[in-house]
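For reference, the structure discussed in these notes is given below.
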Amino acid sequence: MKIERPRGTRDFLPEEMEKRREIERKMRKIAELYGYREIQTPTFEHLELFTLKSGEGIIEEIYAFKDKGGRNLALRPELTAPVMRMFVNECSVMPKPLRFYYFANCFRYERPQKGRYREFWQFGVELIGSSSYLADAEVISLAYDIMENLNLKFDLHIGHVGLLRLLLKDVEENVASKIMRLIDKKDSKGLEDYLNTISIDRDLEGKIYDIIELIGDRSIIEDAKGIIPNFDFEYIEKLCDCLDSIDVKYNLDFGIARGLDYYTGVVFEAYAKEGLGAQNQICGGGSYRLAHLFGVDTPSTGFALGFDRIAEICELQAEKPKVVAIVAFKGLENEAFKISRIVREAGVDAIVDVMQRSLKKQLSYANDIKADFAIIVGEEELKQKSVAIKDLKTGEQKIVKIDELRDYLKSV
RNA sequence: GCCCGGAUGGGGUAGUGGUUAUCCUCUGGGACUGUGGAUCCCAGGAGCCGGGUUCGAAUCCCGGUCCGGGCCCCA
């Protein structure tokens with residue numbers, strides 16, 4: 001009986017894994033260059049961790065289950081809440097700020113699409129403890145460096161939820177939340193229809209439209225000041241100064257909203273310019289206050305990169321290591337194993353025949369797997385304490401003393 | 001959860017309500033028991049699953065599964 005993969009999951013073959021690992025390696029490297037250290041949290045958590053953060057409605061979109069002890073658990077749908085839980089549980093008295101990064105799989109019960117799977121990977125960072133614009137600048141700069149380093153073609157949009165929050169401060173909470181979600185979706189038609197069905201102040205309605213249409217360079221701050229004069233724009237201006245000074249390219253976009261209210265200030269998103277269709281957001285982040293849900297009120301800033309989407313559009317190709325195939329005549333299998341150990345000690349990948357096939361088949365296999373060299377183990381050569389080394393690209397072959405094999409392999 | 005379109009050996013495909021399901025590739029073996037890529041030969045392996053219509057279904061119909069595109073959602 002053939003068992004299929006569960007819906008929305010994937011198998012990764014070696015070639016793809018090599019590419020994914022290479023991308024992952026670059027992400028880790030850059031995060032570490034910024035002083036971030038890796039953490040890991042459990043694959044499943046108490047369901048309540050996620051409902052506390054995102055509301056009961058989230059259960060529909062989550063892999064939630066009861067364990068044999070009757071506990072309500074859930075496979076993690078994201079990592080910000082688990083990281084904050086970990087912070088509150090065991091790191092709250094560590095010296096601030098804390099810099100953490102993670103790379104892990106997450107699970108969501110959603111309809112799969114291009115770039116959207118039920119098991120997917122996120123790479124993200126959290127900078128915990130600072131409420132300064134410098135925290136936003138650092139995290140944005142880090143995300144930007146990663147995307148640049150991977151040669152992605154992307155647009156970075158930076159906004160501030162404070163503007164819309166201030167505009168909507170006198171609006172009933174669930175109405176404001178609904179408006180924020182429509183803005184988040186960029187559903188201007190839906191927003192217009194909704195605003196028409198509720199009795200909203202005409203002046204306010206106009207201001208909402210004006211604000212969410214503001215996208216562009218930092219000069220739009222002046223426009224925004226005209227619309228919301230009582231907002232303190234100093235924070236945003238300082239952030240822009242900092243990002244400009246390190247040549248981060250971005251657009252301000254005051255139409256970036258977040259449906260959930262723990263986002264407090266700067267929010268940012270990056271979109272791939274090509275290759276992903278409807279699911280083109282590859283990065284999302286911002287400043288939030290989430291830890292207070294679990295008992296400690298601490299400002300934090302972070303982002304998560306959609307690893308699978310990035311892997312899909314990233315052109316990068318992993319470098320293939322040098323591979324040597326050890327081929328032996330019948331009866332010399334153990335000698336081949338001995339030689340393979342010497343090759344591996346030299347730091348070169350060695351593949352030995354385990355099928356007891358003919359020399360011809362072994363060489364053919366070496367060719368198929370794109371080995372760089374074949375080391376041929378035969379009676380004649382062994383008598384001289386040597387092996388034959390064949391360059392599979394040129395076809396050239398030479399006899400090398402086994403004692404000198406290690407040095408020889410390092411020289412090619 | 002909703003709408004649209006798909007599904008034939010491991011991969012890519014052809015064709016058809018009616019003998020043994022086409023071709024390429026692939027995998028294993030051989031021609032060739034001291035040397036790969038070429039050629040030839042042999043072998044292996046398939047109509048997503050379940051039901052219905054029919055003398056007969058891989059083909060037509062219904063349901064499900066999975067894939068692709070979109071919606072919902074996007075923490």
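Here the structure is a predicted model, which is why all the values come from computation and not from measurement. The basis for the numbers below is simple: all heavy atoms, side chains too, and nothing from hydrogens, waters or symmetry mates.
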What's [X] touching, base or sugar-phosphate or nothing? Going by heavy atoms closer than 4.0 Å.
X	value
Arg10(A)	nothing
Gly115(A)	nothing
Gln113(A)	base

When you compare [N] with [M], how far apart are their [atom1] atoms, in angstrom units rounded to a whole number?
N	M	atom1	result
G45(B)	G37(B)	C1'	26 Å
A14(B)	C24(B)	C1'	11 Å
U39(B)	A21(B)	C1'	28 Å
G64(B)	G10(B)	C1'	25 Å
G15(B)	U20(B)	C1'	15 Å
U16(B)	U59(B)	C1'	7 Å
G9(B)	G5(B)	P	22 Å
C48(B)	A58(B)	C1'	11 Å

Measure the distance from [atom1] on [X] to [atom2] on [N] and round it to the nearest whole Å.
X	N	atom1	atom2	value
Glu78(A)	C73(B)	CD	P	18 Å
Arg7(A)	U65(B)	CZ	P	8 Å
Ile62(A)	C73(B)	CD1	C1'	13 Å

Next on the checklist: Under the rule for side-chain hydrogen bond (donor to acceptor under 3.5 Å, both in side chains), what residues qualify as partners of Arg71(A), not counting sequence neighbours?
Outcome noted: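 Residues passing side-chain hydrogen bond (donor to acceptor under 3.5 Å, both in side chains) with Arg71(A): Asp67(A).
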Next on the checklist: So, using side-chain hydrogen bond (donor to acceptor under 3.5 Å, both in side chains) as the criterion, who are the partners of Ser132(A) when residues are at least two apart?
Outcome noted: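 Expected list: none.
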Checklist entry - salt bridge (charged side-chain N to carboxylate O under 4.0 Å, His left out): which pairs involve residues 132-152 of chain A, sequence neighbours left out? => result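 Every pair satisfying salt bridge (charged side-chain N to carboxylate O under 4.0 Å, His left out) with a residue in residues 132-152 of chain A: Arg99(A)-Glu138(A).
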Checklist entry - According to the side-chain hydrogen bond (donor to acceptor under 3.5 Å, both in side chains) rule, which pairs have a member within residues 8-26 of chain A, sequence neighbours left out? => result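 Sorted pair list: Arg5(A)-Asp11(A), Arg10(A)-Asp308(A), Arg20(A)-Asp308(A), Arg21(A)-Glu24(A), Glu22(A)-Arg25(A), Glu24(A)-Arg28(A).
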Item to check | Strand-adjacent residues in residues 102-112 of chain A, judged by heavy atoms under 4.0 Å from RNA chain B | outcome: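 Output list: Arg108(A), Glu110(A), Arg111(A).
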Next on the checklist: Does the protein touch nucleotides 32-47 of chain B at the base, only the backbone, or not at all? Give it as B, S and - per nucleotide, heavy atoms under 4.0 Å.
Outcome noted: B-BBBB----------
Any strand: nucleotide that pairs with [N] via Watson-Crick or wobble, under 3.5 Å:
N	value
G68(B)	C4(B)
A75(B)	none
G17(B)	none
C26(B)	G44(B)
A57(B)	none
G9(B)	none
G34(B)	none

Checklist entry - Between C74(B), A75(B), G28(B), which nucleotide has the shortest distance from any of its atoms to the side chain of Arg116(A)? => result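 Within the option list, the nearest is C74(B).
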Next on the checklist: Hydrogens and angles aside, do Tyr194(A) and Glu192(A) bring a side-chain donor and acceptor to less than 3.5 Å of each other?
Outcome noted: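 Absent: no donor and acceptor within the cut-off.
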Item to check | Asn105(A) and Arg76(A) side chains, donor-acceptor separation under 3.5 Å | outcome: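 Yes.
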Got a list of side-chain donor-acceptor pairs under 3.5 Å for residues 81-95 of chain A, not counting sequence neighbours?
| unit_1 | atom_1 | unit_2 | atom_2 | d |
| --- | --- | --- | --- | --- |
| Arg85(A) | NE | Asn89(A) | OD1 | 3.0 |
| Arg85(A) | NH1 | Glu45(A) | OE1 | 2.8 |
| Arg85(A) | NH1 | Glu45(A) | OE2 | 2.5 |
| Asn89(A) | ND2 | Arg85(A) | O | 3.4 |

Checklist entry - Taking C-beta and beyond as the side chain, do Leu305(A) and Phe303(A) meet within less than 4.5 Å on heavy atoms? => result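 A side-chain contact exists here, since the closest heavy-atom pair is under 4.5 Å.
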Checklist entry - Hey, is G47(B) sitting syn or anti, using the within-90° cutoff around 0? => result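 Syn, since the glycosidic angle lies within 90° of 0.
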Item to check | Arg37(A) side chain to Tyr101(A) backbone, donor-acceptor under 3.5 Å | outcome: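 Absent.
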Return a table of donor-acceptor pairs under 3.5 angstrom between the side chains of residues 319-326 of chain A and protein atoms on other chains or two or more places apart.
| unit_1 | atom_1 | unit_2 | atom_2 | d |
| --- | --- | --- | --- | --- |
| Lys320(A) | NZ | Lys370(A) | O | 3.1 |
| Lys322(A) | NZ | Leu409(A) | O | 3.0 |
| Lys322(A) | NZ | Val412(A) | O | 2.7 |

Show me, pair by pair, the donor-acceptor contacts under 3.5 angstrom made by side chains of residues 373-391 of chain A, not counting sequence neighbours?
| unit_1 | atom_1 | unit_2 | atom_2 | d |
| --- | --- | --- | --- | --- |
| Ser386(A) | OG | Gln384(A) | O | 2.9 |
| Asp391(A) | OD1 | Lys393(A) | N | 2.8 |
| Asp391(A) | OD1 | Thr394(A) | N | 3.3 |

Checklist entry - Toward the 5' end of RNA chain B, which comes first, Ile58(A) or Arg118(A), by nearest nucleotide? => result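 Its nucleotide being nearer the 5' end, the pick is Arg118(A).
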